[in-house]
Amino acid sequence: MYQKIKGTEDIYGSEMKYWYWIENKAREVAIRYGYEEIRTPIFEDTKLFVRSVGEDTDIVQKEMYTFEDKAGRSITLRPEGTAPVVRAFVENGMITHGFPQKYFYIGPMFRYEKPQSGRQRQFHQFGAEIFGSYSPIADAELILFMDRFLKEIGLIDYEIQINTLGDSEDRARYREALKEYYSKHLDNLCDDCKARFERNVLRLLDCKVDVKYVENAPKITDFLGDGAREHYQKLKRFLEQNGVQFVENPRLVRGLDYYNRTVFEVHHKRLGAMSAIAGGGRYDNLIKEIGGKEVPALGFAAGIERLILSLKAENVEVDEIGRNIVYVTYMGGDDVKIEALKLAEQLRKAGIPTGLDLMERSITAQLKHAARLRAKYCVIIGEEELERDVVIVKNMETGEQVEFEKSFVASGLKDMINE
RNA sequence: GUGGCUAUAGCUCAGUUGGCAGAGCGCCUGACUGUGGAUCAGGUGGUCGAGGGUUCAAAUCCCUCUAGCCACCCCA
């Protein structure tokens, strides 16, 4: 027997309503905020991700699905959504369309990680990007949009954390200071932190073991230049004045290298270790970095699987996916079956979701099946009705039955459904 | 990648010191043959995750692998 690949999921049945719910809300809210959908390929040139996400990041170091195609090109299944959108923006000359530009995407991402609940190797993200604005009003609007989306899918129990990483010069000075500070304690640090010290000092702030050193470590806020400081203060004020609940987390460092200034993460309080349901920030240098002009940008991405876990944790009721409202049942020979097919077709043409027995079961079994599908009405036709050009319409809630002349069934049912 | 727990029917799970593989739910059929959800009766359904080993005998004990879950790592 074949088994699905580790870390992948078949999505069907009672799970599907959550996907419809989130995807529909995502599209609806994004369009309300003036975002256009963009669909980029699922794989890209490996170099795009190495360059944008960062050579030293975990994603590039150990999590990418990279392979050679038949012509020897190095291809990578996208581990995140921003780099492809930026590539498309540059490659298609979208800069000529004027600023700001706002795009959203929904689709699968791939990272080779050890799976557990809320972490798959193929997972799905809803993300959004804004191109062109340096202003903190853009940061504020993006976070408002994300917050609005989370609220409208029904979530309450989450926390938005924000931080600033300053500009690259600020960060360089800060890194120096951190190195100096930690070099004194290097022997006492955990093994992970010793490695981080070499690879990425900022990550030391994330450590849950060496908490006592983190507390006394220098803070980025003391190293900010005027521009970054002002940007951060304005953003906080804009958010506060617009009723966005957030907390500052000076230790918030993100796993992708392209961020500067604003970064944020959203954590759901009822999830376990995989509590980050969304995250993002500003990346003013990325577009230039991968060969475009200097265009400021920012964005966020939310993990759909984790949103679903959050919805379930909060017992949010989501819309059921519509099923058959009407079910056509019949008893008799081929003449009756032909008529049943015609009837079902007529109803469907009229826009009514209609089921039809395909199993040639007894009328009892057909009605039983229709009841189980929670059809509101059954159309019943037999030899008798066929001869008289009528059908029976049965209300499945009340049990009432009425006869309809065949040509009026569709309009009659429509009226009954809409009342 | 490291450590721990787990894997039995479509789903949730029971299966004692090794001795004929079970229940509930679901699904199907029927309850005087042209009328549904309740009830009742019957039925369908398992390579006991895979492979090997020990044994007269393995779902049960041992080994390897695979997958899932939890924590770490990191992130969506």
Side-chain angles (χ1 to χ4, degrees), chain A residues 1-10 12-14 22 53 57-63 78-82 106-127 146 158 190-193 195-196 199-200 203 206-209 252-256 263 265-268 271-280 299-310 327 329-332 336 357 359 361-386 392-401:
Chain A
M1 191 139 80
Y2 289 107
Q3 217 172 5
K4 60 181 173 290
I5 300 298
K6 181 173 180 165
T8 65
E9 212 56 65
D10 298 317
Y12 65 95
S14 57
I22 288 171
V53 174
T57 58
D58 280 357
I59 291 178
V60 170
Q61 286 290 311
K62 47 189 195 188
E63 294 175 5
R78 63 182 183 197
E80 59 106 40
T82 297
I106 300 173
M109 307 292 163
F110 305 84
R111 292 185 200 171
Y112 192 90
E113 288 192 276
K114 186 147 178 177
Q116 63 192 72
S117 175
R119 190 170 66 191
Q120 283 81 42
R121 289 183 172 181
Q122 176 177 339
F123 62 105
H124 298 76
Q125 287 187 333
F126 161 50
M146 180 183 72
Y158 60 85
C190 68
D191 289 348
D192 284 332
C193 280
R196 289 181 187 132
R199 228 181 47 202
N200 187 351
R203 284 248 157 265
D206 238 1
C207 186
K208 280 129 203 157
V209 183
L252 177 59
V253 178
R254 300 203 25 92
L256 298 90
V263 290
E265 274 180 15
V266 183
H267 290 265
H268 196 268
L271 297 188
M274 304 298 126
S275 67
I277 56 175
F300 80 90
I304 296 180
E305 284 83 354
R306 290 184 189 180
L307 292 175
I308 291 173
L309 289 173
S310 306
Y327 200 80
T329 65
Y330 53 85
M331 45 213 160
V336 179
D357 180 78
M359 306 306 292
R361 287 193 273 235
S362 71
I363 185 69
T364 306
Q366 290 184 46
L367 284 165
K368 197 178 263 188
H369 191 70
R372 210 169 37 76
L373 295 178
R374 279 167 297 156
K376 286 203 168 68
Y377 299 95
C378 274
V379 172
I380 304 171
I381 180 165
E383 307 279 6
E384 260 176 54
E385 288 75 19
L386 184 60
I392 299 168
V393 171
K394 182 185 181 87
N395 182 321
M396 295 297 279
E397 275 151 33
T398 64
E400 278 177 293
Q401 295 192 175

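The figures that follow rest on heavy atoms only: side chains count, while hydrogens, waters and symmetry mates do not. Bear in mind the structure is a predicted one, so any value in this text is a computation, not a measurement. Numbers restart at 1 for each chain; the letters A, B, ... are given by sequence-line order, proteins then strands.
On a pure distance criterion of 3.5 Å, no polar donor-acceptor pair joins the side chain of A:Arg119 and the base of B:rC70. Judged by atom type and distance alone, A:Arg111 reaches the base of B:rA76 through a side-chain donor-acceptor pair under 3.5 Å.
Contacts of A:Lys114 with the nucleic acid, taken as non-hydrogen atoms under 4.0 Å apart, include base atoms. Residue contacts for A:Gly7: at a heavy-atom cut-off of 4.0 Å it reaches the sugar-phosphate backbone alone, with no base atom in range. Here A:Glu397 lies in heavy-atom contact (under 4.0 Å) with a base. Residue-level contact check: A:Gly127 touches neither bases nor backbone, having no heavy atom under 4.0 Å from any strand. Residue contacts shown for A:Gln61 are absent, as no nucleic acid heavy atom lies under 4.0 Å away. Residue-level contact check: A:Gly332 touches neither bases nor backbone, having no heavy atom under 4.0 Å from any strand. Looking at heavy-atom distances under 4.0 Å, A:Ala370 makes no contact with the nucleic acid at all. Contacts of A:His369 with the nucleic acid, taken as non-hydrogen atoms under 4.0 Å apart, involve only primed sugar atoms and P, OP1 or OP2. Among the atoms of the strands shown, base atoms are found under 4.0 Å from some heavy atom of A:Glu113. If you check every strand for non-hydrogen atoms under 4.0 Å, A:Met109 touches nothing.
Pairing of B:rG36, defined by two Watson-Crick or G-U wobble distances under 3.5 Å, is not identified with any nucleotide. In this structure, B:rA9 makes no Watson-Crick or G-U wobble pair, since no nucleotide meets both defining distances under 3.5 angstrom. Pair assignment for B:rG51 gives B:rC63, based on Watson-Crick or G-U wobble hydrogen-bonding distances that are each under 3.5 Å. Look at B:rC56: its Watson-Crick or wobble partner, with both distances under 3.5 angstrom, is B:rG19. Pair assignment for B:rC27 gives B:rG43, based on Watson-Crick or G-U wobble hydrogen-bonding distances that are each under 3.5 Å. Nucleotide B:rC73 forms a pair with no other nucleotide shown, judged by Watson-Crick or G-U wobble geometry with both contacts under 3.5 Å.
Atom CD of A:Gln125 and atom P of B:rC75 are 13 Å apart (whole Å). The separation between A:Phe123 atom CZ and B:rC75 atom P is 12 Å, rounded to whole Å. Atom CD in A:Glu63 sits roughly 11 Å away from atom C1' in B:rA76 (whole-Å rounding). Per the geometry, NZ belonging to A:Lys4 stands 12 Å off C1' belonging to B:rG49, to the nearest Å. One interatomic measurement links the two molecules: CD of A:Glu9 to P of B:rG68, which rounds to 8 Å at whole-angstrom precision. Between A:Ile106 atom CD1 and B:rA76 atom P the separation is 17 Å, expressed in whole Å. Look at CG on A:Asp58: it is 11 Å from P on B:rA76, rounded to the nearest Å. Rounded to whole Å, atom P of B:rC69 lies 14 Å from atom CG of A:Leu271.
The distance from the OH atom of A:Tyr327 to the CG atom of A:Leu367 is 9.5 Å, given to the nearest 0.5 Å. We find the CD-OG1 distance between A:Gln122 and A:Thr8 to be 7.0 Å, quoted to the nearest 0.5 Å. Remark: A:Glu265 CD to A:Tyr158 OH distance equals 15.5 Å, nearest 0.5 Å. Atom-to-atom distance recorded for A:Gln125:CD and A:Glu305:CD is 9.0 Å, nearest 0.5 angstrom.
Spacing between B:rU12 and B:rA21 at atom P, rounded to whole Å, works out to 24 Å. When the C1' atom is compared between B:rU8 and B:rA67, the two are found 15 Å apart, to the nearest whole Å. Using atom C1' as the reference point in both B:rC28 and B:rG51, the two lie 36 Å apart (nearest Å).
For the pair A:Lys394 and A:Thr329, the minimum side-chain heavy-atom distance is 4.5 Å or more.
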Where along nucleotides 29-35 of chain B does protein come under 4.0 Å, by heavy atom, of base (B) or sugar-phosphate alone (S), with - for untouched nucleotides? SS---BB

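For A:Ser117, a side-chain nitrogen or oxygen approaches OP1 or OP2 of B:rC70 to under 4.0 Å. OP1 or OP2 of B:rC27 lies within a sub-4.0 Å distance of a side-chain N or O belonging to A:Arg372.
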